[in-house]
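The structure appears below as structure tokens.
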Protein chains: 2
Amino acid sequence: MENKQKPLSKNQKIILEYIQKNKKPVKAYSILSNVQKKGINAPPQVYRALDKLIEIGKIHKVESQNSFVACKTSDCETPHATAFSICDSCDEVSEINDPKLFKYLLDFKDNSGIKFDGYNLEFFGTCKSCETS
Amino acid sequence: MENKQKPLSKNQKIILEYIQKNKKPVKAYSILSNVQKKGINAPPQVYRALDKLIEIGKIHKVESQNSFVACKTSDCETPHATAFSICDSCDEVSEINDPKLFKYLLDFKDNSGIKFDGYNLEFFGTCKSCETS
DNA sequence: GAGTATAGCGTTATATTATAACATAATTAT
DNA sequence: ATAATTATGTTATAATATAACGCTATACTC
């Protein structure tokens with residue numbers, strides 16, 4: 001079982017570090033303005049790094065928010081099978097890492113019989129701290 | 001069991017009809033350009049109707065595509081619990097209406113114990129017709 | 001190690017998606 | 001009938017994302 005991890009490029013590293021520093025998902029232009037001091041000047045530089053980081057599973061995109069969050073699963077083996085819970089009132093997002101759910105969904109077949117190679121699932125609700133306030 | 005369906009407004013009707021005519025999901029600005037002959041001139045008119053139609057469950061948003069599709073389930077009772085399958089190569093989208101999946105997901109609790117009131121699930125794969133070509 | 005293929009960089013410009021804000025009109029509820 | 005709510009039409013602009021181009025660094029292969 002070899003682990004051929006290509007090293008990240010300079011921009012990829014800068015942007016991944018910034019995303020990892022944040023608990024909450026961050027937006028592309030917010031990333032941009034926060035890494036400008038590191039020499040990243042324009043949107044394409046950010047989006048290119050984001051695309052790559054998503055591809056290799058280091059981050060995920062929260063589609064309903066157009067935001068990006070670091071993968072919490074140490075070694076995200078199936079980068080394109082993601083599940084999140086999202087609080088309707090505070091927008092807090094957490095990644096769900098539930099092997100049963102994971103398996104259930106990857107085994108799921110629709111009625112046309114095709115098997116899927118990935119999914120994105122976003123649950124909505126009210127988080128504990130918002131509920132009590 | 002009463003069915004209090006408020007009638008749709010003029011713009012809502014125009015836009016819903018346009019979306020229903022299309023098998024595939026449509027984009028907001030494509031809707032706009034196709035309903036301009038009916039007197040809808042500007043983006044806010046479209047987005048306002050879209051928001052309302054989503055709220056009442058007549059249409060759904062395909063988040064990963066920023067596109068909008070009519071609900072196929074005759075009377076979509078839980079408008080905010082949606083599942084789609086999306087073909088990676090032709091972008092064909094179909095709504096999945098599987099009661100077991102539906103129940104499984106609405107019953108799902110994450111490890112913080114909160115129950116969710118909605119979800120959006122998008123499966124990715126290659127559809128039958130793309131696979132054979 | 002020279003040559004070539006691939007991936008990444010920096011930049012400008014522009015496309016695409018979505019909302020703010022404001023004045024008015026229509027509809028619904030009391 | 002009046003008040004409250006919902007929808008409309010409009011202008012302007014915000015927020016998100018990509019095209020295209022020339023160049024540089026890295027990896028691949030013989």
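Here is the naming used below: chain letters follow the sequence lines, and residue numbers restart at 1 for every chain.
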Would you say a side-chain N or O of K6(A) is under 4.0 Å from OP1 or OP2 of dA27(D)?
no

dA18(C) OP1/OP2 closer than 4.0 Å to side-chain N/O of K61(B)
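Indeed, a polar side-chain atom of K61(B) lies that close.
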
Quick one: does any side-chain atom of K72(B) pair with a main-chain N or O of E95(B) as donor and acceptor, under 3.5 Å?
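Not at all, since once roles are kept as given, no pair shorter than 3.5 Å links the two residues.
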
Selected nucleotide, minimal atom distance to [X] side chain, candidates [options]:
X      : options                  : answer
K10(A) : dC9(C), dG8(C), dT11(D)  : dC9(C)
N11(A) : dA7(D), dG9(D), dC9(C)   : dC9(C)
P43(A) : dA17(D), dA7(D), dT19(C) : dA17(D)
P44(B) : dA18(C), dT8(D), dT11(D) : dT11(D)
A42(B) : dT18(D), dT10(D), dC9(C) : dT10(D)
R48(B) : dT8(D), dG8(C), dA18(C)  : dT8(D)
S9(A)  : dT12(C), dA21(C), dG8(C) : dG8(C)

Can you name the nearest heavy-atom pair linking N120(A) to K61(A), along with the distance?
OD1-O, 4.3 Å

Donor-acceptor pair (no angle test) under 3.5 Å: Y29(B) side chain, dA15(C) base
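Not at all, since no donor on one side and acceptor on the other fall under 3.5 Å apart.
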
[N] [atom2] sits how many Å from [X] [atom1], rounded?
X      : N       : atom1 : atom2 : value
L8(B)  : dT8(D)  : CG    : P     : 10 Å
K27(A) : dA17(D) : NZ    : P     : 8 Å
L32(B) : dA15(C) : CG    : C1'   : 15 Å
Q12(B) : dT8(D)  : CD    : C1'   : 11 Å
N41(B) : dT8(D)  : CG    : P     : 12 Å
I40(A) : dT11(C) : CD1   : P     : 11 Å
I14(A) : dG8(C)  : CD1   : P     : 14 Å
E55(B) : dT5(D)  : CD    : C1'   : 13 Å

State whether a side-chain donor-acceptor pair under 3.5 Å links S9(B) with N11(B).
no

Got more than 12 heavy atoms from elsewhere within 6.0 Å of NZ, K23(B)?
no

Is it possible for you to say whether V62(A) and V26(A) belong to one hydrophobic cluster, with membership spreading through side-chain heavy-atom contacts below 4.5 Å?
no

The answer to which of N66(B) and Q45(B) contacts DNA chain D further toward the 5' end, by nearest nucleotide, is Q45(B)

